[in-house]
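Predicted model only: the values in this text are computed from it and were never measured. Starting from 1, each residue takes its place in the sequence as its number.
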Amino acid sequence: MKLICGYLFVVNVSAIVVNFIDTVYFPYTGRRSGPEVFSMANDVVSQLPELIFVYWWYLVGSIFILWFYIAAFRKIARKLKAVYMHWLLVFCLCFLLVLIFIVAGRGGFQSKPIRALNAYSYPSSSLGGLVLNTPFSILKEDAEDLERVHYFQSEDDIREVLENGKAAGATRNKDISEINKQNVVILILESFGLEYLGPPYGIKSYAPFIQELAEKGRFFPNGIANGRRSIEAVPSILAGIPSLMSEAYMRSPYQSNTAYGLGEIVKSYGYSTAFFHGAKNGSMYFDNTTYRFGFDHYFGRNQYPDPSHFDGQWGIYDEPFLQFAVDELDKLPKPFMSGIFTISSHPPYNLPEQYQDSIPEGDIPMHRVVRYSDMALRKFFESAAKKDWYKNTLFVLTADHTSDNFDPRFASSLGRHQIPIILYQPDDNIEQGVISEVAQQIDIPATIIDYLNLPEQDKVLPFGRSLLTQNSQADAVIKEEDSYWLLSQGKYVKLSMEENLPVEVGDLPATFMKPAGQVVQADLGQLERRLKAYVQIYTNGLIDNSLYSFSSENTQ
């Protein structure tokens, strides 16, 4: 009886509580948590009081589950009478139970045991998260080991595929002898999905200032977040590394591989570098990550001078922290490159006291904090416009990932990756307009290197391209539903990670702007080959630490 009791508490109760807790995290990642969650232990411990305060009902629910099991077990145990059997019969019954558990655990008598991928195969891939349970994902997923792929026999074959995927005229004619030493500010907006913009993109605008900038700058409404988590966005935006593993790059064994971050690249040309994030230093490893990518200075909650602006959960409210960032940027030697990551447009949807009555509610709680962050961003630009470095600065605006859906059109595997990407230069020295090509976070390093006219193409990974040039064959690559996806020319190609499953192709959802002036139909066979080339470069490149053998310079 004690053995059964121990089993119930150690196995059953733990599994149910883990499933219960993951209902909080699932809406933001779009998938069941795997073993990568154990690497978040430091963040959870440091924010435990705030997490308990915000999600107290999950603590109460977990305690209730424990109490229910104890009460039910005691009640049942009192009614059971001891049964004595011969030791041989006990052995046979135990052996039979072990066999039953093994068969049940592997999912049947088939040659291969069930995996998380099976949940996405039937009845619909969109129901995979519902079919799975979190304990299964933690036990069955291997977040560390990549398996080498062999879609192509040689590197020359891969280069040929990549070369065939380049649109004619996709590179700018420019004088490479002169470096364009302008400042660069990369603004990463927490959870700003495209659906928060108004028509013709979303239903209603909750970010009017972002939309104003989009009209003044070079706007890519078909922007794609390469991952679904903040920790995946930073390597994508600062180093052009897509998120095609279950585990985030910075928590994987490959984080020590050769990687050229934007901060490192520009420092040799006299740039000062800094990164701003209003959360506690160490959150999501952003301080170490940005140091890793060459940023010399990190400004977090620990460096912010007024603790009264703490939101009670994550860090400093966006409005005061963005003003702090303007002041610190003004102190940096010029030229500078900076990254700024906002935090307020995030659960638990807190607002500063002075805005509780003035910022109206939206259709969902997320809309109110989006409005606040948009207002804070407007004030950031108003303050920056008074500085002498403002007109000599390229602003790159994007989001780390999407968040809560209120527009059902965006509640899809691809819709949950749609974010705005905007290039804004106050002095109007880049071509403006709405560009209907697909763009992605990993295009940002190549774009900045192109804009600054730096001879550093050997440090640009082959997954991205410069957004300053027209490219009718522009790609975006993501991992979703245990599959790799390529988005290009109004189409998608979906390559399952399971062997021998057919490649899926189709049209991009209606939430994507149709490519302007596309005359030639997409070659789906070529798109499939490009996707396989990207997957092979990424996977084998991480294993061999050879990603940059396919840099932009080496594939031209």
Side-chain angles (χ1 to χ4, degrees), residues 172 174 180 182-190 192-202 205-225 233 236-238 262 322 325-326 329 335-342 345 370 373-387 389-400 418-453 464-471 474 476 512-513 515-516:
R172 295 193 299 164
K174 58 181 183 177
N180 181 20
Q182 291 220 346
N183 308 304
V184 178
V185 175
I186 305 169
L187 285 152
I188 307 172
L189 309 177
E190 173 68 53
F192 263 70
L194 180 69
E195 66 179 291
Y196 300 145
L197 275 64
Y201 316 109
S205 177
Y206 294 92
F209 180 68
I210 294 290
Q211 230 160 326
E212 286 180 25
L213 282 182
E215 293 169 359
K216 297 176 183 177
R218 188 172 177 84
F219 176 41
F220 295 84
N222 289 343
I224 293 294
S236 294
I237 294 169
L238 299 186
L262 281 170
L322 287 175
V326 171
L329 289 176
F336 62 76
M337 174 177 287
S338 170
I340 304 175
F341 202 137
T342 67
S345 46
V370 166
S373 292
D374 183 74
M375 177 273 296
L377 193 66
R378 180 188 296 276
K379 292 188 175 182
F380 167 83
F381 272 87
E382 289 174 352
S383 297
K386 300 173 183 177
K387 306 298 182 181
W389 46 263
Y390 177 70
K391 288 192 175 182
N392 196 37
T393 302
L394 172 68
F395 294 90
V396 181
L397 292 89
T398 188
D400 57 343
Q418 287 190 255
I419 59 172
I421 297 178
I422 304 169
L423 307 179
Y424 175 66
Q425 212 292 330
D427 215 20
D428 298 333
N429 65 2
I430 60 172
E431 185 178 348
Q432 302 172 348
V434 177
I435 313 299
S436 59
E437 302 161 359
V438 168
Q440 54 186 337
Q441 291 169 333
I442 58 176
D443 292 332
I444 290 173
T447 302
I448 291 173
I449 289 173
D450 185 20
Y451 177 76
L452 299 180
N453 212 14
R465 53 100 183 188
S466 173
L467 298 177
L468 298 175
T469 63
Q470 297 289 119
N471 189 340
F512 284 82
M513 234 180 130

Phe380/Phe209 aromatic ring centres below 6.0 Å:
no
Should Met513 and Val434 count as side-chain neighbours, where that means a heavy-atom distance under 4.5 Å?
yes
Can you check side chain to side chain contact (heavy atoms under 4.5 Å, CB included) on Leu468 and Ile430, steps first, answer last?
CA-CA 8 Å; Leu468 298 175; Ile430 60 172; 4.2 Å; yes
Does Ser466 reach the side chain of Tyr451, with side-chain heavy atoms less than 4.5 Å apart?
no
For the residue pair Tyr390 and Phe381, categorise the inter-ring angle as parallel (less than 30°), tilted (30 to 60°) or perpendicular (more than 60°).
perpendicular
Do Gln425 and Gln182 meet the criterion of a side-chain donor-acceptor pair at a distance under 3.5 Å?
yes
Any chance you could lay out the side chain to side chain contact (heavy atoms under 4.5 Å, CB included) test for Glu215 and Gln432, step after step, and finish with the verdict?
CA-CA 8 Å; Glu215 293 169 359; Gln432 302 172 348; over 6 Å; no
To the nearest 0.5 Å, tell me how far Leu262 CG sits from Ile237 CD1.
10.5 Å
For Ser373 and Ser345, the nearest pair of non-hydrogen atoms, with its separation, is OG-N, 3.4 Å
When every non-hydrogen atom of Gln441 is compared with those of Ala233, the smallest separation belongs to NE2-CB, 4.0 Å
Look at the side chain of Thr398 and the backbone N and O of Ile421, then say whether any donor-acceptor pair between them is shorter than 3.5 Å.
no
For a 4.5 angstrom cut-off between non-hydrogen side-chain atoms, does Trp389 reach Pro335?
no
If we only count heavy atoms from C-beta on, is the Ile422 to Ile210 side-chain gap below 4.5 Å?
yes
To the closest 0.5 Å, what do you measure between CG (Asn180) and CG (Asn429)?
7.0 Å
Is a side-chain donor-acceptor pair under 3.5 Å present for Ser205 with Gln211?
yes
Leu377 side chain reached by Leu397 side chain, heavy atoms, under 4.5 Å
yes
Side-chain (Glu437) to main-chain (Gln470) donor-acceptor, under 3.5 angstrom:
no
Non-hydrogen side-chain atoms of Ile188 and Ile186 separated by less than 4.5 Å:
yes
When rounded to the nearest 0.5 Å, the distance separating CG of Asn453 from CD1 of Ile449 is 11.5 Å
Drop me the distance from Ile435's CD1 to Leu423's CG, to the nearest 0.5 angstrom.
9.0 Å
Asp443 side chain vs Gln440 backbone, donor-acceptor pair below 3.5 Å
yes
Search all heavy atoms of Ala446 against all heavy atoms of Gly464 and return the closest pair with its distance.
CB-C, 4.5 Å
Which atom pair, heavy atoms only, marks the closest approach of Arg465 to Ala474?
NH2-CB, 3.2 Å
Judged by atom type as modelled, is there a donor-acceptor pair below 3.5 Å linking the side chain of Thr393 to the main-chain atoms of Val184?
no
Heavy-atom distance under 4.5 Å between the side chains of Ile340 and Leu322, does that happen here?
yes
Between the CG atom in Leu238 and the CD1 atom in Ile448, the distance rounded to the nearest 0.5 Å is 8.5 Å
Under the 3.5 angstrom rule, does the side chain of Arg218 hit a backbone N or O of Glu431 as a donor-acceptor pair?
yes
Quick one: CZ on Arg378 to CG on Leu213, what's the gap to the nearest 0.5 Å?
8.5 Å
Heavy-atom pair with the smallest gap, counting every atom of Pro221 and Phe219:
CD-O, 3.3 Å
Should Asp450 and Thr469 be marked as a side chain to side chain contact (heavy atoms under 4.5 Å, CB included) after you check the CA-CA gap, both sets of side-chain angles, and the distance that decides it?
CA-CA 10 Å; Asp450 185 20; Thr469 63; 4.2 Å; yes
Check whether the ring centres of Phe512 and Tyr201 lie less than 6.0 Å apart, and answer yes or no.
no
What's the verdict on side chain to side chain contact (heavy atoms under 4.5 Å, CB included) for Asn183 and Met337, showing C-alpha distance, side-chain angles and the deciding distance?
CA-CA 6 Å; Asn183 308 304; Met337 174 177 287; over 6 Å; no
Less than 4.5 Å apart, any side-chain heavy atom of Leu329 and any of Lys387?
no
